Amino acid sequence: MIASTREVRTRNTRGAGTRAVLAAGVVALAAAACAPGSSAPPAASPAQPSASAVRTDAAALGDVTLTIWDQEVRGGQAAQMKQLNAAFEAKYPNITIKRVSRSFDDLNTTLRLALSGNEPPDVVQANNGRPQMGAFVKAGHLRPLDAYAEAYGWKKRYSQSVLQYVSYSADGKVFGQGNIYGLPQVGEVVGILYNAAKLSELGLRPPKTWEEFEAALAKAKAAGEVPLQLGNLDKWPGVHVFGTVQGRHVPADQITTLGFGRKGASWTTPENTRAAEQIVGWVDKGYFNKGFNGQGYDASWQAFGKGEGVFLIGQLADRRPGEGHGQGPGLRPAARHGVGPRARRDRRHRPAVRHHGQEP
């Protein structure tokens with residue numbers, strides 16, 4: 001999730017200071033009250049401009065410097081962000097982007113302090129969940145973007161099923177309803193990958209049902225293979241595994257209620273309990289690689305690429321919201337050993353546990 005924290009102080013060629021909030025296609029903005037360099041604390045509840053007051057001609061804003069914090073520090077993601085920023089600056093030479101990149105953990109640790117300081121960044125990438133975006137909205141650090149959504153036609157480009165994950169009440173208490181405070185940068189597609197060569201050695205075809213998948217896990221274990229590769233040192237990869245299993249047991253409306261923390265949400269329903277018990281059963285049967293809680297996410301993918309593991313539940317791709325409608329995650333072969341969609345799991349809306357948007 002990328003959001004802006006406040007108004008942008010702009011200068012025209014005559015030196016007169018004007019205030020405006022810049023909304024661009026590369027990032028989504030949500031602004032709070034103080035201007036860059038200001039010592040004033042952010043307003044508790046920033047007023048929203050009307051859509052007609054939103055200035056959409058970025059080239060006419062005068063000289064602008066935007067300080068942007070993001071978490072895209074990994075290879076291709078960092079290169080992509082650098083390229084997008086360069087393309088934006090080339091199109092709008094009056095705008096300079098001052099980029100600060102931090103890892104996901106570092107960003108979560110430092111962002112709260114930065115937003116409450118005298119010179120907060122103008123645009124930030126943050127998890128859309130209650131501990132981050134919800135808390136920032138409650139503290140008055142983010143500006144609602146409904147006027148910008150109207151001016152730029154976001155609601156025509158993004159369905160309500162997407163926009164609900166970036167919506168909060170003005171006091172930050174209600175998640176999934178109210179004002180828009182940002183836009184997902186991308187959506188994560190999570191599914192099951194398989195090693196085609198190993199399945200062939202086991203005399204198996206890519207499973208087309210959940211029952212066939214479970215039978216393949218048991219056969220892989222009996223043959224001395226690692227049925228499921230996992231690296232959960234970063235903690236969030238385990239959520240990918242649980243979410244996939246949960247989608248087999250728990251109705252979509254229950255998952256939505258849980259994700260938004262709405263009244264009646266419970267982790268101890270019979271359906272959620274069955275999902276948790278299934279994962280515990282997989283651990284007890286030795287389906288995961290040894291030491292999976294001490295192995296990092298990247299290391300697990302590297303191991304899987306080297307042939308360690310028959311299946312891996314994880315991120316298949318990043319997609320920009322609105323892309324790939326009608327397509328769902330499924331079983332895919334790993335690039336090195338052959339990996340493509342076969343068995344599909346239910347596509348159910350749920351908030352992203354970590355951003356990438358932090359997302360659904």
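What's counted below: heavy atoms across the whole structure, side chains too, no hydrogens, waters or symmetry copies. Given the structure is predicted, the values throughout are model-derived calculations rather than measurements.
- Under the side-chain hydrogen bond (donor to acceptor under 3.5 Å, both in side chains) rule, Glu72 has a single partner from Arg102, Gln80, Gln125, Arg99, which is Gln125.
- Cluster annotation: Leu233 is not connected to Trp236 through the hydrophobic network of ILVMFWY side chains, with a link wherever side-chain heavy atoms come within less than 4.5 Å.
- Side chains of Ser169 and Asp171: a donor-acceptor N/O pair is present below 3.5 angstrom, by distance only.
- Aromatic ring orientation, Phe311 versus Phe213: perpendicular (interplanar angle above 60°, classes split at 30° and 60°).
- Going from atom NZ of Lys235 over to atom CG of Asp105 covers 9.0 Å, rounded to the nearest 0.5 Å.
- Atom CG of residue Asn128 and atom CE of residue Met133 lie 6.5 Å apart, to the nearest 0.5 angstrom.
- Put simply, the side chain of Ser101 reaches to within 4.5 Å of the side chain of Asp70, judged on heavy atoms.
- With sequence neighbours left out, the side-chain contact (heavy atoms from CB on, under 4.5 Å) criterion links Glu214 to Trp210, Gln278, Trp282.
- Interatomic distance, Leu183 CG to Trp154 CH2, rounded to the nearest 0.5 Å: 4.5 Å.
- Within a 6.0 Å radius of CD in Gln83, other residues, nucleotides and ligands contribute 12 heavy atoms or fewer.
- Counting heavy atoms from C-beta outward, Lys155 and Ile180 have side chains that approach closer than 4.5 Å.
- Ring orientation note: the planes of Phe304 and Trp301 are nearly perpendicular, at an angle over 60° on the 30°/60° scale.
- How far CD1 of Ile279 is from CG of Asp284: 12.0 Å, rounded to the nearest 0.5 Å.
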